[in-house]
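Structure first, then comments.
Order of the sequence lines sets the chain letters (A, B, ...), proteins ahead of strands, with each chain counted from 1.
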Amino acid sequence: MLRCKEVSALIGSETLPRTTRRTRLGVWFHRQMCQYCRAYQRSVVMLGTLARGLAVKEPVPVEVVKRIASKVKQER
Amino acid sequence: MPSPAPSASQLAAIQRRDPDVLDALLRDEIPPLLRAARAAGVPAQDAEDVVQETLLVFVRRAEEFDGRSSARAWLFGILYRKMSERWRSLRSIDAIEPIDEVHESRFDANGRWSNPSRLPDASAANAQAMTMLDHCLADLPDRRRLAFTLREVEQLETDEICKILDISANTLGVLLFRTRNALRECLEAKGLKGSDDVAV
């Protein structure tokens, strides 16, 4: 039986797809029973959502893109 | 945001350095490259310079691009090599970091959660939470911040990131696991919490 510590490590490191089918099944069953590991998984998803939101909220300024593109065009 | 491998016609145009195709491609790739450079801890002005150098290398070597990965992944590879030539800290990875012990302390002797995470789910991703995350990201080691950005913001696949950073999938797993745990701890310390009654 997998423990929360192992399940959270598999989720947080994204190594689950590279484990055996038996392990993946074990994690699936564990998650069905463990609300805290489900919450951990949701927090992992939330971090990605926040990071992507941050990139959208603070975009790279258009003038910076133009400046770099123009320099590259000149030098190539 | 993920960037697919190019079509056959795009690939041919890149390899023969079609100016229109290259201009459009490079312009699209400047923001993700700048984000990655900044995530790697490169100062703003230097980030512009290193992105410019990266794009010039891409143009000069365009005929070598085989299209097996996306142009973005190839560009990130060039960018990373350029950055690690100048900023050595990007190469280092510690065997054990304090965050490992902090995460460990959340479990009892049987490996069950004794102090589970109380972070909210993605529906709570608001401007305030994003600002908190920004501050938490700033405290991370450069290499971990870069790995997290490539995975979560640029949404590159594991094998692409491993190729770019020249690390194994297991090492990348360790980097991402530590980063997520550090960010969770940091956000909780800043007061970002969901309901005490964890939703089932």
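Highest contact tally toward chain B, considering only Glu14(A), Gln41(A), Lys71(A), Glu58(A), is held by Glu14(A) [criterion: heavy-atom pairs under 4.5 Å]. Ranking Cys34(A), Ser43(A), Pro17(A) against chain B, the residue ahead of the rest is Ser43(A), based on heavy-atom pairs under 4.5 Å. Taking chain B as the reference chain and counting heavy-atom pairs below 4.5 Å, the highest number among Ala51(A), Pro59(A), Pro61(A), Gly12(A) is found for Gly12(A). For the set Val60(A), Leu50(A), Val45(A), the entry with the most heavy-atom pairs within less than 4.5 Å of chain B is Leu50(A).
Proximity to chain A (any heavy atom under 4.5 Å) is restricted, for Ile30(B), to the side chain, taken from C-beta onward. Using a 4.5 Å cut-off between heavy atoms, Leu187(B) contacts chain A through its side chain alone, with no backbone atom that close. With a threshold of 4.5 angstrom between heavy atoms, Asn110(B) approaches chain A through N, CA, C or O but not through any side-chain atom. When heavy atoms are compared at a cutoff of 4.5 Å, Glu6(A) does not approach chain B at all. When heavy atoms are compared at a cutoff of 4.5 Å, Thr158(B) approaches chain A solely by way of its side chain, counted from C-beta outward. Contact of Pro19(B) with chain A is made through backbone and side chain together, with heavy-atom distances under 4.5 Å. Contact of Arg151(B) with chain A is made through the side chain alone, with heavy-atom distances under 4.5 Å.
Note that CD of Glu29(B) and CZ of Phe76(B) are 7.0 Å apart. Values are rounded to the nearest 0.5 Å.
Taking 4.5 Å as the limit, some side-chain heavy atom of Leu140(B) sits within range of a side-chain heavy atom of Leu183(B).
Contacts of residues 45-53 of chain B with chain A at a heavy-atom distance below 4.5 Å involve Glu48(B), Val51(B), Gln52(B), listed in sequence order.
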